[in-house]
Amino acid sequence: MAEVGRRTARKPQAPSAREAVKERLSPVDILKSIGPGVITGGADNDPAGIATYSIVGATAGFAQNWLLFLSTPLLIVVMQMSAKVAHVTKTDLATVLRTTYSARVATPAVLLMVIANVITMGADLIAMGAAIQLLTGIRFIYWIVPLAAAMACFTIFLDYRVISRYMLWLVAVFATYILAAFLARPNWSDVLRSTVVPHVELNAGFLLASVGMLGTTITPYLFFWQTSGEVEEKRGVQRLSRSNLDITIGMVWSNVTAFFIIVATGAVLFSHHAQIRTAADAARALEPFAGHYATALFAVGIIGAGLLAIPILAASAAFGVAGLAGWRRGLGRKARNAPQFYLVIGLAFLVAMELAISSIDPIKALFYSQVLDGLIAPFLIVLMLLITSSRKVMGDFVNGMATKVVGWGAAGVMVLADVALVYQVATNGLPG
């Protein structure tokens with residue numbers, strides 16, 4: 001009887017990978033699943049990303065839409081691997097890299113990501129200020145400090161549940177680009193053909209635009225944010241199917257947004273040979289051809305994108321540094337319980353604000369941040385593939401063959417993007 005009692009008192013076993021994936025979801029469950037994945041998808045289109053897509057549309061029209069079509073499954077799989085790392089190990093990506101591969105491997109990846117994040121934050125602050133100037137007429141420089149201070153306070157002092165609800169609402173702002181695209185009245189047959197039929201030009205301009213597209217879409221800070229967001233949500237392997245659905249919705253929405261940005265700018269600016277350098281330039285240039293409403297919608301989208309992405313850029317930098325150093329971390333913690341973590345967030349905002357008000361060239365900032373992201377991304381994807389394929393780390397939740405194929409494909413695409421970038425710099429030099 002004692003043996004029987006011991007048997008019945010055993011703890012229930014953790015679900016296997018097959019059991020976790022089999023969870024059936026009702027429509028209500030699907031709505032409840034929306035969380036870190038959708039937020040990550042929205043953050044993927046920060047103001048610097050909007051600038052990149054706008055420039056691609058203005059200079060190449062719809063010719064590179066097929067890259068978005070190609071990158072969508074790659075992005076989904078990479079982000080699902082990031083989430084799975086969090087579900088199984090119960091910790092963030094920087095910690096997993098440090099404990100699995102040592103600090104010598106983790107440190108360069110984290111520090112390069114932090115540098116790229118801070119530069120991007122500075123460029124995003126400039127873009128937000130320029131968009132507000134477009135709507136109000138007040139010079140963008142006067143908006144930089146209030147915007148940075150407000151977002152820093154919001155990120156540091158509000159609870160994660162409040163922050164996540166705010167971020168989810170902000171994701172909806174990207175619908176403005178769908179409306180702007182329809183106001184631009186594109187030739188939809190041309191749009192569809194460019195989306196499904198690959199078009200490649202072997203020249204430096206086309207290659208650099210391709211690098212910008214892929215570097216903006218599959219960007220390293222999202223890997224760190226996704227794992228940290230899943231840890232904050234505490235969904236676990238039991239809800240792996242919900243997490244995967246959440247990520248799929250978020251990544252599809254991210255690339256749908258990018259698609260309509262390119263459609264709006266390609267339909268109007270490419271056909272009129274308009275020259276733009278920033279997202280605010282694109283919004284301004286739309287008005288003579290697509291009307292004031294298209295310009296206003298584009299500008300509102302830039303502001304909303306910054307409000308969503310800049311706190312995530314700062315938080316992902318802090319998660320990376322804190323995980324590397326072994327500090328307490330988490331947006332669900334009070335500032336006094338994780339002082340170093342929140343100090344990194346504050347410093348990220350401070351440095352980004354200084355970059356923005358020091359008249360940094362936003363195009364150079366965008367270029368250099370993409371260079372760093374492009375160099376880090378394939379390295380991190382390979383490390384995540386190795387981690388998520390290791391039975392020692394992941395147990396029954398190792399990658400299946402389909403995930404491995406798509407994951408290695410994503411790494412290969414990013415390596416090709418790096419090669420293209422090196423070719424561009426070697427032949428034409430750095431942007432002026």
Side-chain angles (χ1 to χ4, degrees), residues 42-43 45-59 120-151 169-186 212 216 257-258 260-311 313 352-353 355-367 369:
N45 293 320
D46 65 314
I50 294 170
T52 299
Y53 296 131
S54 300
I55 292 168
V56 167
T59 56
T120 303
M121 287 171 66
D124 286 350
L125 283 169
I126 294 172
M128 288 180 71
I132 298 175
Q133 176 179 328
L134 194 62
L135 297 175
T136 65
I138 301 173
R139 284 195 64 208
F140 80 92
I141 197 69
Y142 298 119
W143 296 103
I144 301 298
V145 174
L147 283 170
M151 285 187 285
W169 279 109
L170 278 176
V171 170
V173 79
F174 293 109
T176 58
Y177 291 112
I178 299 176
L179 296 176
F182 278 95
L183 288 173
R185 297 186 293 277
T216 299
T257 301
F260 281 106
I261 293 171
I262 293 174
V263 168
T265 54
V268 174
L269 306 184
F270 178 69
S271 60
H272 291 88
H273 307 288
Q275 298 295 314
I276 65 169
R277 287 168 53 83
T278 67
D281 287 346
R284 191 179 300 107
L286 284 172
E287 185 166 5
F289 312 110
H292 175 70
Y293 288 118
T295 297
L297 287 169
F298 215 88
V300 168
I302 294 168
I303 298 165
L307 291 172
L308 172 62
I310 292 176
L313 283 159
M353 183 177 66
L355 288 173
I357 63 178
S358 64
S359 300
I360 184 175
D361 185 334
I363 302 304
K364 285 187 176 180
L366 176 62
F367 176 80
S369 65

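As a basis for the values below, the full set of heavy atoms in this structure was taken, side chains included, without hydrogen atoms, waters or symmetry mates. Bear in mind the structure is a predicted one, so any value in this text is a computation, not a measurement.
Side-chain contact check for Y53 versus T257: every heavy-atom pair is 4.5 Å or farther apart. I310 places none of its side-chain heavy atoms less than 4.5 Å from the side chain of D46.
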Exercise for the section: May I have the step-by-step check of side chain to side chain contact (heavy atoms under 4.5 Å, CB included) for M121 and M151, ending in yes or no? Expected result: CA-CA 11 Å; M121 287 171 66; M151 285 187 285; over 6 Å; no
Exercise for the section: Applying side chain to side chain contact (heavy atoms under 4.5 Å, CB included), run through F174 and I261 and close with a yes or a no. Expected result: CA-CA 9 Å; F174 293 109; I261 293 171; 5.8 Å; no
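Of all heavy-atom pairs spanning A264 and A184, the tightest one is O-CB, 3.8 Å. Across all non-hydrogen atoms, the minimal contact from A296 to L135 is CA-CD2, 4.1 Å. Nearest heavy-atom pair, I302 versus Y177, reported as atom, atom and distance to 0.1 Å: N-OH, 3.0 Å. For the residue pair A131 and I303, the shortest heavy atom distance occurs at CB-CG1, 3.8 Å.
Going from atom OG1 of T120 over to atom CG of L125 covers 11.0 Å, rounded to the nearest 0.5 Å.
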Exercise answer: donor-acceptor pairs, residues 136-150 side-chain atoms, under 3.5 Å, sequence neighbours excluded:
| from | atom 1 | to | atom 2 | distance (Å) |
| --- | --- | --- | --- | --- |
| T136 | OG1 | I132 | O | 2.8 |
| T136 | OG1 | I138 | N | 3.2 |
| W143 | NE1 | I138 | O | 3.4 |

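Scanning for side chain to side chain contact (heavy atoms under 4.5 Å, CB included) contacts around I178 gives F182, W253, F260, with sequence neighbours left out.
Side-chain atoms of T295 come within 3.5 Å of backbone atoms of A283 as a donor-acceptor pair (strictly under, hydrogens ignored).
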